[in-house]
Structure formats: structure tokens, C-alpha cells
Amino acid sequence: MGPGPENQPERQDFLREMVQRDLAEGRVDKVVTRFPPEPNGYLHIGHAKSICLNFGIARDFDGQCNLRMDDTNPTKEDVEYVDSITADVKWLIAGWADHCLGLKPVGCLAERREIGGHEDYHIVPVMGAEEGREALEPFYASDYFEPLYQFALELIRKGKAYVDDHSAEELDAMRGAPDRPGRESDYRERPVAENLDLFQRMRAGEFPDGARTLRAKIDMQSPNLWLRDPVLYRIRHVPHHHTGDEWCIYPMYDFAHGLSDYIEGVTHSLCTLEFEVHRPLYDWILDALELPRTHPRQREFARLNVTHTVMSKRKLLRLVQEGFVRGWDDPRMPTISGMRRRGYPAEAIRAFCDRIGVAKRENMVELGLLEHFVRDDLNRRAPRAMAVLRPLRVVIENYPDGQDEEMELINNPEDPGAGTRRVPFSNVVYIEQDDFREVPPPKYHRLSPGVEVRLRSAYLITCTGVVKDPQTGEVVEVRASYDPATRGGDTPDGRKVKSTIHWVSAQHAVDAEVRLYETLFAMEDPDDVPEGRDFTEGLNPSSLEILPGCKLEPSLASAVPGAPVQFERLGYFCADTEDSRPGAPVFNRTVTLKDAWARIERKQG
RNA sequence: UGCCCGAUGGUGUAACGGUAGCACGGCUGACUCUGGAUCAGUUAGUCGAGGUUCGAAUCCUCGUCGGGCAGCCA
């Protein structure tokens, strides 16, 4: 895992460098980061990068990372998302940064106190590792609505915020443009007492949605749009998933975020690049309130993009709602729950995030890199088994009909401790259709007429003929003879065969459905669509292929859903956690094995 | 035509004024009872032009290209 603070390399990335500097200079004495998703969708691989970053930094510096729902917009949020986000975060960091996870006792609110004459609110996290002793939950920005409201009143008292009666359209028109200054509101010089009264009545529910807003009084001439008297509060007479109907005014992101960070004692607030222009406002709010404790420091990094997929929650939501996928956890989705269901280990996702690093430039990481870490992890851990996805019957003519025997197979050549298992063999076996060619192309080493191959850990067989469908001419059965001296796959005379193929005894086979996945989108960058075209047009029509009637070796009948297994020569698979049933297993292909033959074939055209 | 940020092999990321490195991918080959894994080799990069300096990916200037910003979204 990652290095501890002692053997920390001089630089790992620009953010860790900053944290290290802050520590060295005594600006902070304990590192507190946070992961603040809005519960309006499921977490995806882009969030995984942020989680690994925020928890990774907390871990490297013996700090903590709070999980916080950034839930200031009740119209878009839902508890379903709160639950999935919490589960996904815990799953991703399990066994790695559990001890850094900051949560709070259920229902716990920020504590009010006074420091040097200044009103202050503070909440201290309970570390997630202590869960069990008491019921814990994530932090919620909505739990700070009261402190936030008090801070807003304070801002009004300081003459730094005012209630504005202009409509959204008017505000729009008055904001100006990037290259044109804005115009000051007609209500900008409203007396403090009137602002106080109006804002309290906003809270009391006296005005309809949109009638008024609370705005910061900053600078309508600023070249930075976010400093042109930004809206701090809006009126929304809608219930909130966490606070019920206690509130009808809701704080905006910019007002809530920095103050939430402050209330939790966050030292480093790391977010994506698009918030860089908000940073002056983030700092302005903290400074304007003259908050007595150390201010959190916002820094930005580039969000992750991965080829062949989309990352925006809006687009992912459309894929779900419009039925292009089977849900947020569809194994084709780049969501954490989708990847989990598909069989990606958390360790592999973390290794990926570690490898891609963090910087400020726009990036597009190849999906292949993620797959590399999935294979790398699974190669070491996944037990092997034999499964035939597209069965072709092979009859071994000189093997006694009705006889069977058990072969001993190694469970994992990468892990001697994994032991062996026994697999039944008989005179009729299934092999992969791909493993037989009546007319072998150049460099094809598998079974074809007259050619000898090894049935893995069983016997060497030679193809003696084929049986064809008289109608279609298609090969429906292969005839073969075996060499009894090669039991276990060994050749007493030392002769070599070019190929070893997998097999499943027909009479012992377990039937299963296997789901093969390809990339969700055919093109590298699905966001790069011509004007007027929709990104869904780029969906890969063969992203899901369902194979019924696959033949599995008997040991696979009791596969634990979610547990990885390698189907030899094919890839890594896992029984589906939703749809697999005892006696009717359903497997997902997590990722293929690297396939040298496929490359040769491609080159041959 | 405003402000902010960025630019290193195909991709991602290091090098903080002193040998352009690592990983993935690609290509060769070795080995192999998985055409997997493993091993060895190889391919390929500092956006451009000036300047500072003994020395520049790094500092400065001007360009070029890319991204972000005009929600009562986050």
C-alpha cells in the first residue's frame, strides 16, 4: 500500500507537496480532507479518483477524511443516492483507509460556541473504524443549515450581504458578461435592519419561490463572475430528503461548501478544476465572517476522463432512465457499483487511481490501463476453473463409453497455497468452438483434423474427423482419439504439442448463462459528438452479449456471487450478485485475458 | 474583444536551473500443460519563437493550441 509519512517521497503530486508544506510550516497540525458528493447520482470512477486522493492524503499524513453529503439542493437529491454513496465509499476504502474515514454519530449536530467574541460552529468526527460502538452516519451539509443561517445573518449585520427582490431573469441581465461589467442591484444599499427582517421572513416562509434571494455584496465590476454579488440563498418551498420541511430557504453551493469545510475543521478542500474560479469567493466568505479557527484551503485538480465511457452524472442518469443499461449498477457502467458487480476489485481501482496520479492538465486515460490493474490483481487472486462458453461436442472414440474418471487440476498456478481440485472426465467433452478449425489458418495451433492437442490436465487427443450438419455444412461434432499414456496431460515420451485447450465433460457439465461485456461506447470519446447529435448514438450495440447454455465444470455450480474466478484461457468472471441462483448460475465477464491469438488474427485480417 | 488554468512519447505521469525517468500500450524474442502469467530487448516525448544562464522541460516575454467561467446546479 502507500508509503507512510516517514518514508514519503519528496514529491508525489502537487497537492501532497502543498499539504506537506502546510504541515512543515505549522499552518495546520492535523490534516483533514473531505469527500463531498452531492447525493443526486451514483458514484463513478471519476469519484474514485477523488476518494483515493482525499483518503490517500489523509492516510499518508495520519489525518482523516470526512464523508459529507453536499445536499443543498433538495430538488435533485434523494436518500437512495445517500445510501449508495455511503456503501460505495466504504467498499472502495475497505482494508486501506477505514481508519481515516470521518463520520459522526447519527443525528449529531454542530456545536455553537464563541471564540474571541466571534460566533463559531464546530463538529468533531468519529473515526469510521470505531463504528459498531455507536451508530454512525456521514456528515450532511444540510445538518449545518442552522449555523449557515446564523452565518448569513452575521454577514448581513456586517453589511456584506443583502436581500434582493430582482427576478432570476433580471439578475441574469444585470450580471453582465465575461467581457462586460455587471450592474448593481436596486436593492444593494438596503439598510441592515431591513435586510435582517426580510431574510428572517424568507426563512419564515412569507415569500414564494424565487421572490427574493440573499446576495453577497462584493463587486459587480469584477472580471470574475463569481464575485459579482453571487446569490447565497434562494427560496424553495420543497421538502428536503434529510431535513424534511424544516426549511424553505436553501444555501447555494458557494456559501455552504466553504463553511461546511470550516465547521468540520477541514484543512484541505480538494475539488475539480471548474471550481478554480470560485476560489476567490470561497476565501471571501471565510474572510468576511472573520472566522476564528484556521481556514480551510481549496485547491483544484483535473477530473478523470476514461476512454469509451461518459462520466457526467447527467448522462449516466439518462442511460439509466432511458433504459440503455439495466440500472446504475449495470456492469457496463463506469459507476463504482457497476464495476463492483462486474467484478473489479477495490484494490485494482485503487491501484489504477494511484498510477494515473493527479495534476491540473486535461486528461483522457485509456480504459486499458484500468483493465491492466484488474487483470494484475485477479491473476494473483482468482482461482482457475474451466468453462466452455460456445460448446462444440468432441467424442473420444477410443475412450470407453460410460466410463469416467477424475483429473486433478491446479487451482491457481500463481498461488501454490490455493491447492488442487478434481474434475470429472469422460468420452464426450465440450470444447470451445474457437478451439477447432476444420481448415486452420496460418499460426493456428489448436485442434484441427490430424492435429494433436492437449486437453488441459487430462489427455492428449488427435482429431480424427468431423460430423457436419447435412443441411448447413456446419461442424456439429468433432471425433477424436486419445493417448492413454498421457493421463494428466503429461507426455512420457517427451513429445510436445503446440496447444493446450480447456474442456468440460458433457455428462457432468453445469449449464449457465454468461454475460460478456464490451465497452459501453464504441468511440474513444463519446462526448465528442457532432453538433445536433446525441451522445447515445455512440453506444456500442454489442456492449452486452448474453450466452445461454454455457458449460461449466461442476465446481462452478456453487460459485459465490461476486467472488472472482478465472475461466482458463478466457478471462476473469464472477457470478452475478443479483441474478445468479443456485442451480442456475449467471456469470459476468469481468475482463478478458490478454489474447495473443486475437492479435494475430486481427493482423491477418 | 474579459478573467483564470493548462501544454513532456500513442496514453497517463515524473524530473522544481545540471544524464528527460516510470507505468500502460505497441513491436521482437525467450519460456510455458492457460496463445494467460513471467522474463529480456525495443519503439516513441519537452507546443512555437525569442530572452536570461556556463547550462532551460523547468525562469521571463510574446505567440499557438486546449480547457474553464455569464444557474436562484454542484
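Here is how names work: the chains are called A, B, and so on, in the same order as the sequence lines, proteins then strands, and each is numbered from 1. Computed over heavy atoms, backbone and side chain alike; hydrogens, waters and symmetry mates excluded.
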*Which part of the nucleic acid, if any, lies within contact of Pro181(A), taking any heavy atom under 4.0 Å across all strands shown: a base, the sugar-phosphate backbone alone, or nothing?*
nothing
*Would you indicate what Lys498(A) reaches in the nucleic acid, counting non-hydrogen atoms under 4.0 angstrom: base, sugar-phosphate, or nothing?*
nothing
*Under 4.0 Å protein heavy-atom contacts per nucleotide of nucleotides 64-71 of chain B, with B for base, S for backbone only and - for none*: ---SBBBS
*Can you tell me how far P of G36(B) sits from CG of Asp435(A), to the nearest Å?*
14 Å
_Same-atom distance (P) from G10(B) to C4(B), integer angstrom_ = 32 Å
*Take His166(A) and Glu414(A), find for each the nucleotide of RNA chain B with the closest heavy atom, and name the residue whose nucleotide sits nearer the 5' end.*
Glu414(A)
_Between U11(B) and C59(B), how many Å separate the two C1' atoms, rounded to a whole number?_
29 Å
*Answer yes or no: does a side-chain N or O of Arg236(A) lie under 4.0 Å from OP1 or OP2 of C73(B)?*
yes
*With sugar-phosphate meaning primed atoms plus P, OP1 and OP2, does Ile235(A) contact a base, only sugar-phosphate, or nothing at under 4.0 Å between heavy atoms?*
nothing
_Just by distance, no angles: are the side chains of Thr213(A) and Asp164(A) close enough, under 3.5 Å, to form a donor-acceptor pair?_
no
_Taking any heavy-atom pair under 4.0 Å as a contact, classify Gln566(A): base, sugar-phosphate, or nothing._
base
*Whole-Å distance between C24(B) P and Glu524(A) CD?*
19 Å
*Whether Tyr482(A) and Tyr459(A) hold their rings parallel, tilted or perpendicular, with breakpoints at 30° and 60°*: perpendicular
*Look at the side chain of Arg446(A) and decide which nucleotide, out of A14(B), G35(B), G6(B), has an atom nearest to it.*
G35(B)
*Compare side-chain N and O positions of Lys594(A) against OP1 and OP2 of U34(B) and report whether any pair is under 4.0 Å apart.*
no
*Using atom CZ of Phe14(A) as one end and atom C1' of C5(B) as the other, report the distance to the nearest whole Å.*
11 Å
*Measure from CZ on Arg375(A) to P on G25(B) and round the result to the nearest Å.*
8 Å
*asked:* Using a 4.0 Å heavy-atom cut-off, does Phe255(A) contact any base of the nucleic acid, only the sugar-phosphate backbone, or nothing at all?
replied: nothing
*In whole Å, what separates the C1' atom of U61(B) from that of C72(B)?*
43 Å
*salt bridge (Lys or Arg N to Asp or Glu O under 4.0 Å) partners of Glu406(A), counting only residues at least two apart*: Arg422(A)
*With syn defined as a glycosidic torsion within 90 degrees of 0 and anti otherwise, which applies to G71(B)?*
syn
*Could you state the CD-P distance from Gln298(A) to C4(B), rounded to the nearest angstrom?*
17 Å
*Sequence neighbours left out, what passes salt bridge (Lys or Arg N to Asp or Glu O under 4.0 Å) with Arg355(A)? Give chain and number order.*
none
*How is Lys603(A) classified with respect to the nucleic acid when contacts are heavy atoms under 4.0 Å: base, sugar-phosphate, or nothing?*
sugar-phosphate
*Please list all pairs passing the salt bridge (Lys or Arg N to Asp or Glu O under 4.0 Å) test where one or both residues lie in residues 594-605 of chain A, with sequence neighbours left out.*
Arg437(A)-Glu601(A)
*Side chain of Glu366(A), base of G12(B): donor and acceptor closer than 3.5 Å?*
no
*For the residue pair His47(A) and Phe35(A), categorise the inter-ring angle as parallel (less than 30°), tilted (30 to 60°) or perpendicular (more than 60°).*
perpendicular
_Nucleotide nearest Val231(A) (side chain, heavy atoms from C-beta), chosen from U34(B), G12(B), C72(B)_ = C72(B)
*Looking at U34(B), G36(B), G12(B), which one has an atom nearest to any side-chain atom of Ala596(A)?*
G36(B)
*When you get a sec, tell me which of G36(B), U34(B), U13(B) is the closest nucleotide to the side chain of Thr500(A)?*
U34(B)
_Rounded distance in Å between the C1' positions of A56(B) and A20(B)_ = 12 Å
*Over how many whole Å does the gap from Leu281(A) atom CG to A74(B) atom P extend?*
12 Å
_Which helical stems does RNA chain B take part in, if a stem means at least 3 consecutive Watson-Crick or G-U pairs with both distances below 3.5 Å?_
B:2-7 with B:64-69, B:10-13 with B:21-24, B:25-30 with B:38-43, B:47-51 with B:59-63
*Provide the distance between the two P atoms, one in A49(B) and one in U64(B), to the nearest whole Å.*
15 Å
*Considering only side-chain heavy atoms of Asp179(A), which listed nucleotide, G12(B), U13(B), U1(B), is closest?*
U1(B)
*Remember a base hit wins even if backbone is also touched, and classify His445(A) as base, sugar-phosphate or nothing at under 4.0 Å, heavy atoms.*
base
*Mind checking what makes salt bridge (Lys or Arg N to Asp or Glu O under 4.0 Å) contact with Glu300(A), not counting sequence neighbours?*
Arg279(A)
*Output every pair passing salt bridge (Lys or Arg N to Asp or Glu O under 4.0 Å) with a member in residues 377-386 of chain A, not counting sequence neighbours, ordered by first then second residue.*
Glu347(A)-Arg381(A), Asp376(A)-Arg380(A), Asp377(A)-Arg381(A)
_What I want to check is whether the side chains of Gln298(A) and Tyr282(A) have a donor and an acceptor closer together than 3.5 Å._
no
*Pair listing, ring pair (Phe, Tyr, Trp, His ring centres under 6.0 Å) test, anchored in residues 210-236 of chain A, at least two apart*: Phe199(A)-Tyr233(A), Trp226(A)-His278(A), Tyr233(A)-Phe255(A)
*asked:* I'd like to know whether CG of Leu286(A) has more than 12 heavy-atom contacts from other residues, nucleotides or ligands below 6.0 angstrom.
replied: yes
*Using only side-chain N and O atoms of Arg314(A), determine if any of them is under 4.0 Å from OP1 or OP2 of A74(B).*
no
*What is the distance, rounded to the nearest whole Å, between atom CZ of Phe436(A) and atom P of G35(B)?*
18 Å
*Consider the side chain of Glu38(A), meaning its heavy atoms from C-beta on, and name the nucleotide among G35(B), C73(B), G36(B) that approaches it most closely.*
C73(B)
*Can Tyr253(A) be called stacked on A74(B) when the rule is centres closer than 5.5 Å and an angle between planes below 30°?*
no
*What is the distance from OH of Tyr572(A) to P of U34(B), rounded to the nearest Å?*
13 Å
*When all nucleic acid strands are considered with a 4.0 Å heavy-atom cut-off, which category describes Ile501(A): base, sugar-phosphate, or nothing?*
nothing
Distances under 3.5 Å between nitrogen or oxygen atoms of protein and nucleotides 20-22 of chain B:
from   : atom 1 : to        : atom 2 : distance (Å)
C22(B) : O2     : Arg355(A) : NH2    : 2.8

*Spacing of the C1' atoms in A57(B) and G18(B) (rounded, Å)*: 13 Å
*What orientation do His240(A) and Tyr250(A) show, parallel under 30°, tilted 30 to 60°, or perpendicular over 60°?*
parallel
*Mind checking Arg599(A) for me? I need base, sugar-phosphate or nothing, with any heavy atom below 4.0 Å counting as a touch.*
sugar-phosphate
*Reckon Ser167(A) touches a base, only the sugar-phosphate, or nothing at all at heavy-atom distances under 4.0 Å?*
base
*Check salt bridge (Lys or Arg N to Asp or Glu O under 4.0 Å) between Asp527(A) and all other residues, then give those that pass, not counting sequence neighbours.*
Lys315(A)
*How is Val497(A) classified with respect to the nucleic acid when contacts are heavy atoms under 4.0 Å: base, sugar-phosphate, or nothing?*
nothing
*So which pairs with a foot in residues 216-226 of chain A pass salt bridge (Lys or Arg N to Asp or Glu O under 4.0 Å), sequence neighbours left out?*
Glu189(A)-Lys217(A)
*asked:* Listing request: all salt bridge (Lys or Arg N to Asp or Glu O under 4.0 Å) pairs with a residue in residues 222-235 of chain A, at least two apart in sequence or in separate chains.
replied: Arg188(A)-Asp229(A)
